[in-house]
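In what follows, a single structure is set out as structure tokens and then discussed.
On a predicted model such as this, the values are computed, not experimentally measured, just so you know. Numbers restart at 1 for each chain; the letters A, B, ... are given by sequence-line order, proteins then strands.
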Amino acid sequence: MKRSRTFLPILKETPAEAKIVSHQLMLRAGLIRQTSSGIYAWLPLGLRVLKRIEQIVREEMNRAGAIEMLMPTIQSADLWRESGRYDDYGKEMLRITDRHDRDLLYGPTNEEMITDIFKGFVKSYKDLPKNLYHIQWKFRDEIRPRFGVMRGREFLMKDAYSFDLDEAGARASYNRMFLAYLNAFARMGLKAVPMRADTGPIGGDLSHEFIILAETGESAVFCHADLVDMPPPGLDLDFDADLQLLVDQRTALYAATDEMHDEAEFAHIPADKQLSARGIEVGHIFYFGEKYSKAMNAAVVGPDGAERFVHMGSYGVGISRLLGGIIEASHDDNGIIWPQSVAPFDVGLMGLNIDKPGVAEACEDLYAKLQAAGLEVFFDDTGERPGSKFATCDLIGLPWRVVVGPKGLDKGVVELKCRKTGEVEELTPEAALKKLIQTRATI
RNA sequence: CGGGAUGUAGCGCAGCCUGGUAGCGCACUUGUCUGGGGGACAAGGGGUCGUAGGUUCGAAUCCUGCCAUCCCGACCA
């Protein structure tokens, strides 16, 4: 993508309303634009990142055996009256009336709808287990939206719903999601710690929040320090195997959010391993048994011919929130530092003194070759001064930067800089191309 | 919803107290010089001062209502 052709509204100054660094950088780097309190337009650069995060989550869901579908944002109030949540959910739910005066709502979550769809088709234990998910916009009319996309009212969420014949099956489904989440977050360069969590209004008796540690996190969290650096299960995990042991390894050590915190238990951790910090919740998984299947009569016939309610779980990932979370975890004074797996572009290419002989040609040549190799390239082909181009490239956080200038060209080299380490190398254009192709292959 | 604050050009702000031609920096346009870390100079363009009333000869400025946005708290992917 050439900068001259895209839409990248960079801000030099920090908008006054943004208080935390991720929000400030998202506005400054032209990722989002607020349109109402807690509601954002996704600008081209932000959308690219959103799509990449979404795709990682999608791939890890699919790998774990979940099936993608898409449910609407608008739901009928009747469904929610069936589960009893229409009155329970309170003002957080945005209620709408259509032209026939029918009560509708903008979905804050989809348990009712998926249960309704499921029960219409699945009647036998032979069709179980099933895990259905979608990635769709949600609306929750938060009392106080804040921190940009971290607590917006409209947000993109992946929500998965599992259906099993019994509790043992449901726990196996739960375990698959538990481990798939760890893989997904790791692919985004995040260290997410699963923590025992309150089940909240959804109900049930088994729940974990996935927390990334950040000073600006909304909740206080307490855990054993070893959990932070525990490696993810890995993409070669066999999701058909019994995963209980792997889950147990990751739940044996103490980890809890403040509402579940037990000071006495925490005190048993060796003092040098007691980690008390703040965290951002990026995922939340629940097992809630028959809560919805009973209320909405979602039953299947078992092998013995007897009908029984299915056991369900739900599994959410805040896709749009993850942008904020990743930036909180990965930035410096100059701007965002995207992990390459979610970066809007793999590499920023710029020509200095672009009207000097050979510079524009060398840029175009490299631009074409990088793209032909499958890399996403942000080519700053504008007449901006060098300092301005450098600052922009740092701000938007592209993992690699290639600088083509007349001085280097005289020596037959271009400059390759790593955003994260700051390391600079002078390479021939061919060698730079080769190295960049390698980095793309390893993510 | 309780407490606190703010609305003046795309962004950041001054002006308001003490009413009298709406200003500064960045950004934008044009030109010249520049050209490896957010350039310099010159000349320009852009604002019903959130909104509706009120007071006044006269309101960005004083008063009242409303709206919007933000901060602290309780709630949440």
Across the strands shown, which category fits [X] at heavy-atom distances under 4.0 angstrom: base, sugar-phosphate, nothing?
{"X": "A:Gly335", "answer": "nothing"}
{"X": "A:Val282", "answer": "sugar-phosphate"}
{"X": "A:Gly325", "answer": "nothing"}
{"X": "A:Arg153", "answer": "nothing"}
{"X": "A:Glu142", "answer": "base"}
{"X": "A:Lys19", "answer": "sugar-phosphate"}
{"X": "A:Ser36", "answer": "sugar-phosphate"}
{"X": "A:Thr14", "answer": "sugar-phosphate"}

Roughly, in whole Å, what's the span from [atom1] in [X] to [atom2] in [N]?
{"X": "A:Asp355", "N": "B:G36", "atom1": "CG", "atom2": "P", "result": "12 Å"}
{"X": "A:Glu384", "N": "B:U34", "atom1": "CD", "atom2": "C1'", "result": "14 Å"}
{"X": "A:Lys356", "N": "B:G35", "atom1": "NZ", "atom2": "P", "result": "7 Å"}
{"X": "A:Arg146", "N": "B:C75", "atom1": "CZ", "atom2": "P", "result": "11 Å"}
{"X": "A:Glu13", "N": "B:A27", "atom1": "CD", "atom2": "P", "result": "9 Å"}
{"X": "A:Asn353", "N": "B:G37", "atom1": "CG", "atom2": "P", "result": "11 Å"}
{"X": "A:Leu323", "N": "B:A77", "atom1": "CG", "atom2": "P", "result": "19 Å"}
{"X": "A:Ile354", "N": "B:U34", "atom1": "CD1", "atom2": "C1'", "result": "17 Å"}

For [N] and [M], measure between their [atom1] atoms and round to the nearest Å.
{"N": "B:C41", "M": "B:U34", "atom1": "P", "answer": "16 Å"}
{"N": "B:U32", "M": "B:A68", "atom1": "P", "answer": "50 Å"}
{"N": "B:C16", "M": "B:C63", "atom1": "P", "answer": "14 Å"}
{"N": "B:G12", "M": "B:A59", "atom1": "P", "answer": "29 Å"}
{"N": "B:A9", "M": "B:G25", "atom1": "C1'", "answer": "13 Å"}
{"N": "B:C26", "M": "B:A42", "atom1": "P", "answer": "12 Å"}
{"N": "B:U69", "M": "B:C11", "atom1": "C1'", "answer": "16 Å"}
{"N": "B:C72", "M": "B:C28", "atom1": "C1'", "answer": "38 Å"}

Among the candidates [options], find the nucleotide nearest to the side-chain atoms of [X].
{"X": "A:Glu281", "options": "B:G37, B:G38, B:A77", "answer": "B:A77"}
{"X": "A:Lys12", "options": "B:G38, B:G39, B:C72", "answer": "B:G38"}
{"X": "A:Lys407", "options": "B:C26, B:A77, B:G36", "answer": "B:G36"}
{"X": "A:Arg321", "options": "B:C72, B:A77, B:C70", "answer": "B:A77"}
{"X": "A:Gln34", "options": "B:G39, B:G38, B:C70", "answer": "B:C70"}
{"X": "A:Ala391", "options": "B:A74, B:G38, B:A77", "answer": "B:G38"}
{"X": "A:Ile143", "options": "B:C1, B:A77, B:C70", "answer": "B:C1"}
{"X": "A:Lys91", "options": "B:G35, B:C1, B:A77", "answer": "B:C1"}

Record whether the side chain of [X] comes under 3.5 Å of the base of [N] through a donor-acceptor pair of N or O atoms.
{"X": "A:Arg144", "N": "B:G3", "result": "no"}
{"X": "A:Asp394", "N": "B:G37", "result": "yes"}
{"X": "A:Arg28", "N": "B:G12", "result": "no"}

Tell me the partner of [N], counting only Watson-Crick (N1-N3 plus N6-O4 or O6-N4) or G-U wobble (N1-O2 and O6-N3) with both under 3.5 Å; none if nothing fits.
{"N": "B:G47", "answer": "none"}
{"N": "B:A60", "answer": "none"}
{"N": "B:U32", "answer": "B:A40"}
{"N": "B:U18", "answer": "none"}
{"N": "B:G10", "answer": "B:C26"}
{"N": "B:G73", "answer": "B:C1"}

What pair of heavy atoms forms the shortest contact from [X] to [Y], and how long is it?
{"X": "A:Ala298", "Y": "A:Thr115", "answer": "CB-CG2, 3.7 Å"}
{"X": "A:Val404", "Y": "A:Cys363", "answer": "CB-SG, 3.7 Å"}
{"X": "A:Leu398", "Y": "A:Arg419", "answer": "O-CB, 3.1 Å"}
{"X": "A:Met177", "Y": "A:Ala64", "answer": "CE-CB, 3.9 Å"}

* So, is A:Arg385 near the phosphate of B:U34, with a side-chain N or O under 4.0 Å from OP1 or OP2? ->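 Answer is no, no contact under 4.0 Å.
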* A:Ser388 side-chain N/O to B:G39 phosphate OP1/OP2 under 4.0 Å ->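 A:Ser388 to B:G39 OP1/OP2: no side-chain N or O under 4.0 Å.
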* Return the orientation label for the A:His261 and A:Phe266 ring planes: parallel under 30°, perpendicular over 60°, tilted otherwise. =>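 Perpendicular: the ring planes of A:His261 and A:Phe266 meet at over 60°.
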* Asked: Side chains of A:Trp400 and A:Thr439: does their closest heavy-atom pair fall under 4.5 Å?
  ->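 In short, these two side chains touch, coming nearer than 4.5 Å.
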* To do: Applying side-chain hydrogen bond (donor to acceptor under 3.5 Å, both in side chains) between A:Gln55 and each of A:Arg52, A:Arg58, A:Lys51, report the one that passes.
  =>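 Single pass found, and it is A:Arg58.
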* Which sits closer to the 5' end of RNA chain B, A:Val403 or A:Glu218, going by the nucleotide each is nearest to? ->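 The residue closer to the strand's 5' end, by nearest nucleotide, is A:Val403.
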* Comparing A:Glu17 and A:Asn334 on RNA chain B - which has the more 5′ nearest nucleotide ->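 Looking at the nearest nucleotide for each, A:Asn334 comes out on the 5' side.
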* Asked: For A:Phe390 and B:G36, is the gap between ring centres under 5.5 Å while the planes differ by less than 30°?
  ->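 No, A:Phe390 does not stack on the base of B:G36.
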* To do: Please determine if A:Arg95 forms a cation-pi arrangement with A:Tyr86, meaning its NZ or CZ atom is less than 6.0 Å from the six-membered ring centre and no more than 45° off the ring axis.
  =>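 Yes, a cation-pi geometry holds between A:Arg95 and A:Tyr86.
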* Asked: Is A:Lys119 paired with A:Glu82 through a side-chain N to carboxylate O contact shorter than 4.0 Å?
  ->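 Salt bridge flag = yes for A:Lys119 with A:Glu82.
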